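Both backbone and side-chain heavy atoms feed into the values below; hydrogens, waters and symmetry mates do not. Owing to the predicted nature of the structure, the values given are computational and were not obtained by experimental measurement. Order of the sequence lines fixes the chain letters, A, B, ..., with proteins taken first and strands second; residue numbering starts at 1 for each chain.
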Amino acid sequence: MQYYLLSVITPADGTPPGPEAMAEIRRNLDTFHTELREAGAWVFAGGLHGPETATVLRPKDGEVLITDGPYAEGKEYLGGICLIKAPDLDAALEWGRKATRATTLPIEVRPFLHQADD
Amino acid sequence: MPQPVDVEAVFRAEYGRAVSVLVRFLGDIDLAEEAVQDAFATALGTWPRTGVPPSPAGWIITTARNRALDRLRREAKRDARHAEAALLHTPDAPAEEGPVRDDRLRLIFTCCHPALAPQARVALTLRLLGGLTTPQIARAFLVPEPTMAQRIVRAKAKIRDARIPYRVPRDADLPDRLQGVLAVVYLIFNQGYEGTPELTSEALRLGRLLVDLMPDEPEALGLLALMLLADSRRDARQDEHGELVPLPEQDRARWNRELIAEGQSLVRRCLRRDRPGPYQIQAAIQAVHSDAATAEATDWGQILRLYDQLTAFTPSPVVALNRAVAVAETQGPRRALELVDALDLDTYHVFHAVRADLLRRLGRDTEAVREYEAALERAENPAERVYLERRRRELLRT
């Protein structure tokens, strides 16, 4: 089994969905997460606060410097992550497809360096 | 008895099959390629003495497998983890979901996986199934060799690291995924058509392979028919000065009758299947052209109906442009020009060439000259440029 990271790509300048649309996205995500658990593919998932809440640490002359984040301002930011276990990329992309439908946002799928034990 | 040995021919014919079997066996593309190349190197040394074995492919595969096993054993002693990590994910036999068992089919679906960049799909397919070298592929696509090498290395690394599976997709995904494979083969063919004959023959070989391996897929038949019918005009579509000769002006005696017969019989097979698709319809259009003894005898009404069908499948501006050419023949250039003017294809040289021709037929020569110039600004193929240049000059003279 291979671990994959599904990243939710959120537009920085987009209008956020209204309360009703947001409620539907939450319901769809709940269904998606339940499905992941039932299939044994679930590892972890969660949404993130906005980039304005980020703090960056970086090495500087042997010290660690703290600055207000985000690390890089972009047209998109990481809105949430979902960590899954899947036998191969096709299976991971199938989960990614469901994640795209549930969030209505682009999803990036990336393999982890290390494989899952089972 | 020693006999003349053409290892090169065996290489071209069997490289893809050998690599595909070894990838399944070893679970790693690089190891498979190395093993097969080792085996061919061994063949170069032994076959001139022993003669070509009865089954050259079988000999190559067995030799490659033994070489790979030896190598893996040596490396396993040195670094067990490395050998294990090198193994790509290959589903076990019971997990087989695709309708066909040939390893080359697995390999082509892996090479044409939608998670790979389109250019990488083409390069990998030519390299792994066609046995073309990286420099050959780089030359065919006018890309610097290091760029092409990097493209291939990256694609292979992605297959390994992201675990792109080595299998024929399950039935539910097959139509979509097959479209991707056919698109790669057609792209290779078109690149060949632009002036790299070895790519044309490679595309035809891949097209035949797909038809052999997936005889129930009418679009695979359609693509092969389309390529055969287009290739049948190879000798007629350029004159002795290397100038493009457009279809209506071609010397039809120079069309290859054998390829036409094969292509048309495939089109008839498609018609009997009655599961039309874009490649089949394009092949049918070419078959109508091939049927006509002279350009004047072309059944343009039939061609227009086929373009209407094609538009229903793929409503793209390029299809609309080709349809407009059929409209010009059935309803006149004025109506065709209206259709063409509505298209947003300014960057496409053929759009301007078609417009130029329609304007010329309507007697609007000044505008036609300007359009030939616009086409020339955008056309890259030398044969096409010579043709456009001549048409432009002819108008200036009158």
Side-chain angles (χ1 to χ4, degrees), chain A residues 1-10 28 31-45 74-76 78-118, chain B residues 23-24 26-29 80-99 105-117 120-121 124 154-181:
Chain A
M1 284 294 219
Q2 172 75 44
Y3 288 120
Y4 293 91
L5 176 67
L6 312 188
S7 303
V8 184
I9 312 297
T10 311
N28 290 341
T31 314
F32 172 58
H33 291 161
T34 309
E35 212 181 321
L36 276 171
R37 283 178 208 273
E38 283 170 359
W42 166 275
V43 180
F44 177 80
K75 286 202 193 90
E76 294 90 13
L78 184 64
I81 61 155
C82 179
L83 185 52
I84 62 163
K85 270 189 297 194
D88 58 40
L89 185 65
D90 280 356
L93 293 180
E94 198 49 51
W95 290 118
R97 192 188 299 268
K98 289 178 176 168
T100 290
R101 292 224 172 92
T103 58
T104 71
L105 288 171
I107 300 288
E108 181 189 272
V109 178
R110 259 171 87 178
F112 274 76
L113 279 173
H114 294 288
Q115 296 180 3
D117 289 332
D118 51 335
Chain B
V23 170
R24 181 168 49 80
L26 295 167
D28 182 90
I29 292 172
R81 275 197 64 244
H82 169 78
E84 193 188 335
L87 290 184
L88 165 118
H89 180 64
T90 45
D92 303 326
E96 183 66 61
E97 287 167 276
L105 206 52
R106 289 193 181 89
L107 187 56
I108 197 167
F109 274 106
T110 301
C111 289
C112 299
H113 196 280
L116 299 171
R121 294 177 213 165
L124 271 186
R154 275 197 189 150
K156 287 199 278 195
K158 182 166 184 185
I159 290 173
R160 184 189 61 230
D161 297 339
R163 285 204 185 200
I164 290 179
Y166 191 55
R167 66 163 172 249
V168 176
R170 60 200 168 109
D171 286 348
D173 299 329
L174 197 55
D176 267 2
R177 293 286 307 278
L178 180 62
Q179 274 309 312
V181 170

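With respect to the salt-bridge test (charged N to carboxylate O, under 4.0 angstrom), the residues A:Asp90 and B:Arg170 do not qualify.
Nearest heavy-atom pair, A:Leu89 versus B:Ala162, reported as atom, atom and distance to 0.1 Å: CB-O, 3.2 Å. Counting all heavy atoms, side chain and backbone alike, B:Asp161 lies closest to A:Pro111 at O-CB, 3.4 Å. In plain terms, the two heavy atoms of B:Arg163 and A:Gln2 that are nearest each other are NE-OE1, 3.4 Å.
Contacts of A:Leu93 with chain B are made by side-chain atoms alone, with heavy-atom separations under 4.5 Å and no backbone atom involved.
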